[in-house]
Amino acid sequence: MQTAVKITNLSFTYSKRTPYEKLALNNINLEVEEGEIVGIIGETGSGKSTLIQHLNALIKVQNKKKSKVEIYGKDARVKKNLLEIRKTVGMCFQYPEHQLFEDTVEKDIEYGPKNMGYKKTEYPYLVNKAMRLVNLDESFKSRNPFQISGGEKRRVALAGIIVTSPKILVLDEPMAGLVPIGENEIKKLIKQLHEEVSQTIFFVSHDMDDIAEIVDRVVVMSKGEIILDSPVREAFNDEEMIKGLHLDIPKARRIANKLIERGLDIRKDILTMKELEEEIVRVRSV
């Protein structure tokens, strides 16, 4: 298995040597293998955003003697590696549709290839492929991105990120502000992108139901440090720790706990509503 991301002793301080100095990351060590979907959770101010912005050098390594960020072996401290790293890591921020700015969908999706050195003759193929992956037909190419629905805007924004086929995709609250139908579309899309485009995904969310449904592994952050790094099912077994960070456990687990209290003999490690449904059916059929 190939290492996609390796972070060593990463610390970062905002407004260093000023009265507003704030330690955002404190000696972070993290290694992620290719193929993993890693959920990053923690309360506001825990360091999640600062950490993920180091993955494509939006925030540069501050202490180059002590700290190190490597993306597929490329050292982010080395300036000549930055373009390759930014091609490798696609960043999708919260409300990515706010980053749309061109007057047509096609032009917006082309922006990435234009700025990463692709030939103009490659644009049509790349745009068509990206649009297909996010389930937008060709009729959208000439449409104004500001005159389509919220879910469609989100998909256009994602197309603009995956158009260069990044090996790593970083998603920061990708379902924020969407109606339930739009949320479900994006969940399906994330799974599709994992299979067809980006082998490795970092998924940041405050919604523990989404985390439970999508990720394989959970990294829990608090006050700039990683306090837990484990498979998703194990992470939610420590319910007191999760609640102590002002986070919640998945809805299905909460319901399962109530049913267990009432004497129903079901699994204690349920994470998703699908698992809960299957377990209730199993018990009823016994």
Side-chain angles (χ1 to χ4, degrees), residues 2-7 30 32-40 48-60 69-74 76 81-102 105-118 122-123 125-136 145 151-176 178 185-205 210 214-216 219:
Q2 188 174 8
T3 299
V5 173
K6 186 174 182 181
I7 296 173
L30 179 66
V32 175
E33 299 298 320
E34 183 177 79
E36 290 190 273
I37 303 181
V38 180
I40 301 180
K48 304 186 299 299
S49 294
T50 305
L51 175 62
I52 63 172
Q53 287 180 64
H54 276 85
L55 297 178
N56 79 337
L58 277 176
I59 295 179
K60 294 180 181 177
V69 175
E70 296 170 276
I71 308 298
Y72 280 96
K74 295 280 186 183
N81 291 337
L82 296 186
L83 179 59
E84 187 62 32
I85 286 172
R86 286 168 180 157
K87 285 182 179 179
T88 302
V89 182
M91 299 283 294
C92 177
F93 293 105
Q94 193 175 39
Y95 301 105
E97 60 271 21
H98 292 174
Q99 297 165 239
L100 301 174
F101 62 93
E102 294 282 6
V105 165
E106 183 175 29
K107 288 180 183 177
D108 228 302
I109 298 173
E110 284 179 350
Y111 183 79
K114 281 181 180 178
N115 284 273
M116 290 188 178
Y118 286 83
E122 296 178 275
Y123 298 171
Y125 169 76
L126 293 171
V127 170
N128 288 339
K129 181 182 176 183
M131 290 181 68
R132 176 185 62 79
L133 285 166
V134 300
N135 302 313
L136 291 172
E152 289 165 347
K153 286 179 182 177
R154 190 73 50 99
R155 282 186 277 156
V156 170
L158 277 168
I161 294 161
I162 64 162
V163 65
T164 54
S165 298
K167 289 184 179 181
I168 299 170
L169 188 58
V170 181
L171 303 170
D172 189 359
E173 300 279 359
M175 271 79 85
L178 293 179
E185 286 179 356
I186 297 300
K187 286 178 189 177
K188 290 177 185 176
L189 181 55
I190 290 169
K191 292 172 184 177
Q192 182 183 353
L193 294 178
H194 183 238
E195 292 173 2
E196 299 186 37
V197 182
S198 303
Q199 299 97 319
T200 308
I201 293 179
F202 288 82
F203 181 78
V204 181
S205 181
D210 292 340
I214 291 170
V215 312
D216 309 311
V219 171

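Just so you know, residue 1 is the first one in the sequence shown, and it goes up from there.
- When all heavy atoms are compared, the tightest approach of A76 to L82 is O-CD2, 3.5 Å.
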Verdict with supporting geometry, V197 and L169, side chain to side chain contact (heavy atoms under 4.5 Å, CB included)
CA-CA 9 Å; V197 182; L169 188 58; over 6 Å; no
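- Between T200 and E34, the shortest heavy-atom contact is OG1-CA, 3.3 Å.
- The neighbour count for Y118 OH, taken as heavy atoms of other residues, nucleotides or ligands under 6.0 Å away, is above 12.
- Between the CE atom in M91 and the CD1 atom in I52 there is a gap of 4.5 Å [rounded to 0.5 Å].
- Between the OG atom in S165 and the CG atom in L133 there is a gap of 7.5 Å [rounded to 0.5 Å].
- Listed by chain and residue number, nothing satisfies the salt bridge (Lys or Arg N to Asp or Glu O under 4.0 Å) test with K167 (two or more places apart in sequence, or in another chain).
- For the salt bridge (Lys or Arg N to Asp or Glu O under 4.0 Å) test, residues two or more places apart in sequence or in another chain that qualify with E196 are R132.
- For D216 (side chain) and I37 (main-chain N/O), a donor-acceptor pair under 3.5 Å exists by modelled atom type.
- M175 is listed as a side-chain neighbour of I214, based on a closest heavy-atom distance under 4.5 Å.
- In this structure, P145 and V105 have side chains that are in contact, with non-hydrogen atoms separated by less than 4.5 Å.
- Under the 4.5 Å side-chain criterion, counting only non-hydrogen atoms from C-beta, V5 is in contact with I71.
- Remark: I40 CD1 to S205 OG distance equals 11.5 Å, nearest 0.5 Å.
- Using a distance-only test at 3.5 Å, with no hydrogens or angles considered, a donor-acceptor pair links the side chain of K87 to the main chain of M116.
- Looking at heavy atoms from C-beta onward, F203 lies in side-chain contact with P174 at the 4.5 angstrom threshold.
- Interatomic distance, CG of L58 versus OG of S49, reported as 11.0 Å (0.5 Å rounding).
- Contact detail for V219 and L30: the closest heavy-atom pair is CG2-CD1, 3.9 Å.
- Of the residues K48, Q53, H54, the one that meets the side chain to side chain contact (heavy atoms under 4.5 Å, CB included) test with T50 is H54.
- Under a cut-off of 6.0 angstrom, the local environment of NZ in K60 is sparse, with at most 12 non-hydrogen atoms contributed by other residues, nucleotides or ligands.
- Taking the side chain to side chain donor-acceptor pair (under 3.5 Å) definition, one finds that T3 meets it with E31, E33, sequence neighbours left out.
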Give the C-alpha distance, both sets of side-chain angles, the deciding distance and a yes or no for side chain to side chain contact (heavy atoms under 4.5 Å, CB included) between T88 and K74.
CA-CA 10 Å; T88 302; K74 295 280 186 183; over 6 Å; no
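- Between the D108 side chain and the F101 main chain, a donor and an acceptor come within less than 3.5 Å of each other.
- Using a 4.5 Å heavy-atom threshold, the side chains of V170 and N56 count as separate.
- The side chain to side chain donor-acceptor pair (under 3.5 Å) check on E110 picks up nothing, with sequence neighbours excluded.
- I7 is listed as a side-chain neighbour of L51, based on a closest heavy-atom distance under 4.5 Å.
- Here the closest heavy-atom approach between residue P166 and residue S198 is recorded as O-OG, 2.7 Å.
- In this structure, the side chains of L171 and L158 come closer than 4.5 Å at one or more pairs of heavy atoms.
- The two residues V163 and P113 come nearest to each other via the heavy atoms CG1-CD, 3.5 Å.
- In this view, E106 satisfies the salt bridge (Lys or Arg N to Asp or Glu O under 4.0 Å) rule with no residue, not counting sequence neighbours.
- Side chains of R155 and E185 form a contact here, defined as non-hydrogen atoms less than 4.5 Å apart.
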How far apart are the C-alpha atoms of L189 and Q192, what are their side-chain angles, what is the distance that settles it, and do they pass the side chain to side chain contact (heavy atoms under 4.5 Å, CB included) test?
CA-CA 5 Å; L189 181 55; Q192 182 183 353; 4.1 Å; yes
Walk me through it: do V156 and E102 pass the test side chain to side chain contact (heavy atoms under 4.5 Å, CB included)?
CA-CA 11 Å; V156 170; E102 294 282 6; over 6 Å; no
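- Y72 and E84 share no side-chain donor-acceptor pair at under 3.5 Å.
- By the side chain to side chain donor-acceptor pair (under 3.5 Å) test, T164 pairs with no residue at all, sequence neighbours left out.
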